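Worth saying up front: this structure is predicted, and the values here are computed from it rather than measured.
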Amino acid sequence: MNCDRPDWDRYFLDLCEAVSKRATCDRGKAGCVIVKDRRIMTTGYVGAPAGLPHCDEDGHDMRRVLNENGTVSQHCVRTLHAEQNAIIQAAKFGIALDGSTLYCKMTPCRTCAMMIINSGIKRVVCEKRYHADKDTIELFKLAGVELVIMNNEFTEYDRQ
């Protein structure tokens, strides 16, 4: 019997897409799934902190960032990243993430990378690259976090 079952990485990346449908910021609509021993520990999506207005209610809170290479990018700071929300949910409910794998849409940002390292996550699998992922790649290398990027293309989104 030949069945077209996805491998585990594809399966959990596909679940990230389903989780992202709850995101409340349409710019970087993303979901995250954290797994240990092929069991889902927690999920997260892009959204404002609990009880605060979301982008889909009050609009974006855009900030300009001067990048190291001299380019300027724009970021909505109203929301937490999917990775942050997944790690926060684990902390809130007492779920240990040590030795787990994090699945996400794009290479995590520098701040998320540091949270991932300190939470004990040992492997990160992402669909595509984030335009400012140089620091993340270096941090993961130094910390011994395995990084798997399924598609070497950069994720693009509105008003990047």
Side-chain angles (χ1 to χ4, degrees), residues 3-36 38 40-48 54-56 59-89 97 100-160:
C3 130
D4 291 330
R5 291 176 68 188
D7 67 21
W8 287 106
D9 286 344
R10 174 51 45 204
Y11 172 73
F12 290 120
L13 281 172
D14 288 349
L15 288 177
C16 287
E17 181 63 28
V19 171
S20 76
K21 293 180 181 353
R22 291 281 307 154
T24 59
C25 182
D26 63 1
R27 287 191 70 248
K29 218 171 181 110
C32 175
V33 177
I34 301 178
V35 173
K36 188 171 185 177
R38 298 182 181 160
I40 296 170
M41 306 304 288
T42 185
T43 65
Y45 51 85
V46 175
H54 293 282
C55 295
D56 58 6
H60 299 291
D61 184 0
M62 299 300 290
R63 305 290 168 90
R64 291 176 179 259
V65 175
L66 177 60
N67 299 302
E68 195 174 303
N69 65 3
T71 62
V72 175
S73 57
Q74 295 189 76
H75 298 269
C76 178
V77 297
R78 183 177 302 283
T79 59
L80 292 158
H81 294 178
E83 299 90 338
Q84 293 167 342
N85 272 327
I87 291 169
I88 291 165
Q89 287 301 308
L97 300 178
S100 61
T101 298
L102 181 143
Y103 292 88
C104 55
K105 179 179 180 177
M106 64 183 116
T107 320
C109 72
R110 179 179 171 68
T111 300
C112 287
M114 291 186 290
M115 291 177 67
I116 288 165
I117 291 165
N118 274 4
S119 67
I121 294 167
K122 292 297 177 198
R123 185 168 181 260
V124 174
V125 180
C126 45
E127 191 69 52
K128 292 183 179 181
R129 293 186 61 189
Y130 174 56
H131 68 90
D133 65 5
K134 181 182 172 191
D135 285 350
T136 294
I137 292 168
E138 184 61 26
L139 287 169
F140 283 168
K141 195 177 296 181
L142 289 170
V145 174
E146 178 187 355
L147 176 62
V148 177
I149 302 171
M150 301 299 270
N151 180 335
N152 207 31
E153 293 176 12
F154 287 91
T155 302
E156 293 189 22
Y157 44 91
D158 289 341
R159 296 186 291 176
Q160 189 168 320

With distance as the sole test, does Asn151 use its side chain to make a donor-acceptor pair with the main-chain N or O of Lys128 at under 3.5 Å?
no
Does the pair Val124 and Thr136 meet the rule for a side chain to side chain contact (heavy atoms under 4.5 Å, CB included), with working shown?
CA-CA 11 Å; Val124 174; Thr136 294; over 6 Å; no
Return the CD to OG1 distance between Gln89 and Thr42, rounded to the nearest 0.5 Å.
5.5 Å
Might you point out which heavy atoms bring Tyr103 and Cys16 nearest each other, and give the distance in Å?
O-SG, 3.2 Å
Tell me, with the steps shown, if Thr101 and Glu146 meet side chain to side chain contact (heavy atoms under 4.5 Å, CB included).
CA-CA 9 Å; Thr101 298; Glu146 178 187 355; over 6 Å; no
Separation between CD1 (Ile116) and CD1 (Ile34), nearest 0.5 Å, reads 7.5 Å
Flag the pair Arg10 and Glu127 as a salt bridge only when some basic side-chain nitrogen lies within less than 4.0 angstrom of an acidic carboxylate oxygen.
yes
Restricting to non-hydrogen atoms, name the atom on His60 and the atom on Cys55 that form the minimum distance, rounded to 0.1 Å.
ND1-SG, 3.5 Å
Are any of the side-chain heavy atoms of His131 and Ser73 separated by less than 4.5 Å?
yes
Under the side chain to side chain contact (heavy atoms under 4.5 Å, CB included) rule, what do Lys105 and Ser20 come out as? Steps first, then yes or no, please.
CA-CA 9 Å; Lys105 179 179 180 177; Ser20 76; over 6 Å; no
About how many Å separate SG of Cys76 and CZ of Arg27, when rounded to the nearest 0.5 Å?
6.5 Å
Note: Arg123-Asp9 ion pair, threshold 4.0 Å (strictly below)
yes
Option among Ser119, Cys32, Cys126 that satisfies the side-chain contact (heavy atoms from CB on, under 4.5 Å) test with Leu102:
Cys32
Any side-chain heavy atom of Cys112 sitting closer than 4.5 Å to one from Gln84?
yes
Anything under 30° is parallel, anything over 60° is perpendicular, the rest tilted; go ahead and classify Trp8 against Phe12.
parallel
Could you grab the distance from atom NZ of Lys134 to atom CZ of Arg110, nearest 0.5 Å is fine?
11.5 Å
Pairwise distance CG(Leu139) to CG(Asp133) - rounded to 0.5 angstrom:
11.5 Å
Before giving the answer on side chain to side chain contact (heavy atoms under 4.5 Å, CB included), spell out for Met150 and Val125 the whole-Å C-alpha distance, their side-chain angles and the decisive distance to 0.1 Å.
CA-CA 7 Å; Met150 301 299 270; Val125 180; 4.2 Å; yes
State, with a plain yes or no, whether a side-chain heavy atom of Leu147 is found less than 4.5 Å away from one of Lys141.
no
